[in-house]
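What follows is a set of notes on a single structure, which appears directly below.
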Number of protein chains: 2
Amino acid sequence: MDELLKIDEVANQTGLSKRTIRYYEELGILPSPERSGGGTRLYKQKHVKFLKRISAAKEVLGFTLQELQEFLSLTEMLESQKEEYKKVSDPQEQKAKLTEIIKILDGELEIIEQKIRRIHTVQTELVTLRERARALIELKNNE
Amino acid sequence: MDELLKIDEVANQTGLSKRTIRYYEELGILPSPERSGGGTRLYKQKHVKFLKRISAAKEVLGFTLQELQEFLSLTEMLESQKEEYKKVSDPQEQKAKLTEIIKILDGELEIIEQKIRRIHTVQTELVTLRERARALIELKNNE
DNA sequence: TTAATATTTGACGTTGACGTCAATGTCATT
DNA sequence: AATGACATTGACGTCAACGTCAAATATTAA
């Protein structure tokens, strides 16, 4: 199968608002779904998955919507690389493009690692706070 | 010692703009520093450290400034717990308060862990993309 | 087929987190 | 005491990322 979903259902499944979903389509972030005869948007599961992925990336990496678009175009470039593009253009140029993609990915991976390190710092701080609080309670119990 | 810094210096050391620094003070996030006779703000190193900590928490956890305030009030509560507060109010109430603090901290720690897991998901995704790109290059080399 | 309910488009509103500008005052140096 | 570089306050501006509302259709259930 592959049920057709209306926007309200998609909103429920993704946790995004209907406005947001339309907005993402308007920005070109979300591929336009089919329409019914009357013009109602009809989504498939792939749209739901897509929305979940990108909203995760946005939240987690703190991406703006613009950065999200750039991020997505990377994936696209790789897709296009695999298909028709493969036999069309200059192989030298293709390799250059791939190398550039890898560079960008390396950059983003580094940002992620930095982010993880910083999260751990904050995490440690919070754990310390908790320990202090617990110690205080203990102290009160033994008096 | 403990040099007195003017706002421009603080901005340089923290990477925040002067506007942002004043804004944080206005919101009550950053403790007001001393002033010179003429009214110029004079910061100490503790202000710099403080700003670094909170901007890290903001970036990393995606805290809004309001959440940041709540987060900071937690630390304050723990501080007050250790000092005068200790002998003033009802010990029963104090324990209740501490327990609540711990609860909140647990909540935030859980959020952090969730966030870390999600980051890893995105990280994995990016690594996969990179592998694909590398494989494509290899393919082109062997043809 | 007629409600009741949901969807679409367009447009304007909102909010957070600052940026920017102007007028005025301060600091450091000469 | 004058000059040039920075600081302060207040106010308005801005930008992203939606929220909200209205008027016109569409869809679904009875």
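Chain letters run A, B, ... following the sequence lines, proteins first and then strands; every chain starts at 1.
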- Message: Would you say Ile116(B) ends up clustered with Ile111(B) if hydrophobic residues are merged whenever their side chains have heavy atoms under 4.5 Å apart, either directly or through other cluster members?
- Response: no
- Message: Please evaluate residues Gln69(B) and Gln66(B) with respect to the criterion side chain to side chain contact (heavy atoms under 4.5 Å, CB included), reporting the C-alpha separation (whole Å), side-chain torsions for both, the decisive distance (0.1 Å), and the verdict.
- Response: CA-CA 5 Å; Gln69(B) 285 177 324; Gln66(B) 208 188 17; 4.2 Å; yes
- Query: For DNA chain C, whose closest nucleotide is more 5', that of Asp8(A) or that of Leu27(B)?
  - Reply: Asp8(A)
- Glu131(A) and Arg134(A) ion-paired at < 4.0 Å: yes
- Round to a whole Å and report the spacing from CD of Glu26(A) to P of dA17(D). 13 Å
- Task: Round to the nearest Å and state the distance from Glu25(B) atom CD to dA7(D) atom P.
- Result: 14 Å
- Positional range of nucleotides in DNA chain C within the contact set of chain B, heavy-atom, under 4.0 Å: dA17(C) to dC27(C)
- Query: Is any side-chain nitrogen or oxygen of Lys18(B) closer than 4.0 Å to OP1 or OP2 of dT9(D)?
  - Reply: no
- Which part of the nucleic acid, if any, lies within reach of Arg41(B) when heavy atoms closer than 4.0 Å are counted: base, sugar-phosphate only, or nothing? sugar-phosphate
- For the pair made of CG in Leu51(A) and P in dC18(D), what is the distance, rounded to whole Å? 12 Å
- To the nearest Å, give me how far apart CD (Glu59(A)) and C1' (dA17(D)) are. 14 Å
- Message: Count I, L, V, M, F, W, Y as connected when their side-chain heavy atoms are under 4.5 Å apart, and connections chain through other members. Are Leu4(A) and Ile21(A) then in the same cluster?
- Response: no
- Item | Shortest non-hydrogen separation from Glu108(B) to Leu74(B) and the atoms involved | OE1-CD1, 4.4 Å
- Could you state the atom-to-atom distance from CG of Leu16(A) to P of dC18(D) in whole Å? 8 Å
- Message: According to a hydrophobic-cluster definition based on side-chain heavy atoms being under 4.5 Å apart (Ile, Leu, Val, Met, Phe, Trp, Tyr only), do Leu109(B) and Ile102(B) belong together?
- Response: yes
- Test side chain to side chain contact (heavy atoms under 4.5 Å, CB included) applied to Tyr43(B) and Leu30(B), step by step: CA-CA 11 Å; Tyr43(B) 299 91; Leu30(B) 180 68; 4.0 Å; yes
- Item | Test side chain to side chain donor-acceptor pair (under 3.5 Å) applied to Arg41(B) and Glu25(B), His47(B), Glu34(B), the passing residue | Glu25(B)
Contact list (N/O, under 3.5 angstrom) for nucleotides 24-28 of chain D vs protein:
unit_1  : atom_1 : unit_2   : atom_2 : d
dT27(D) : OP1    : Ser36(A) : OG     : 2.6
dT27(D) : O3'    : Lys6(A)  : NZ     : 3.4

- Over how many whole Å does the gap from Tyr23(B) atom OH to dT8(D) atom P extend? 18 Å
- Nearest nucleotide by nearest heavy atom, which residue falls closer to the 5' end of DNA chain D, Arg19(A) or Ile7(B)? Ile7(B)
- Got a sec, which residues hit ring-ring contact (aromatic ring centres under 6.0 Å, His included) with Phe63(B), two or more places apart in sequence or on another chain? Phe71(B)
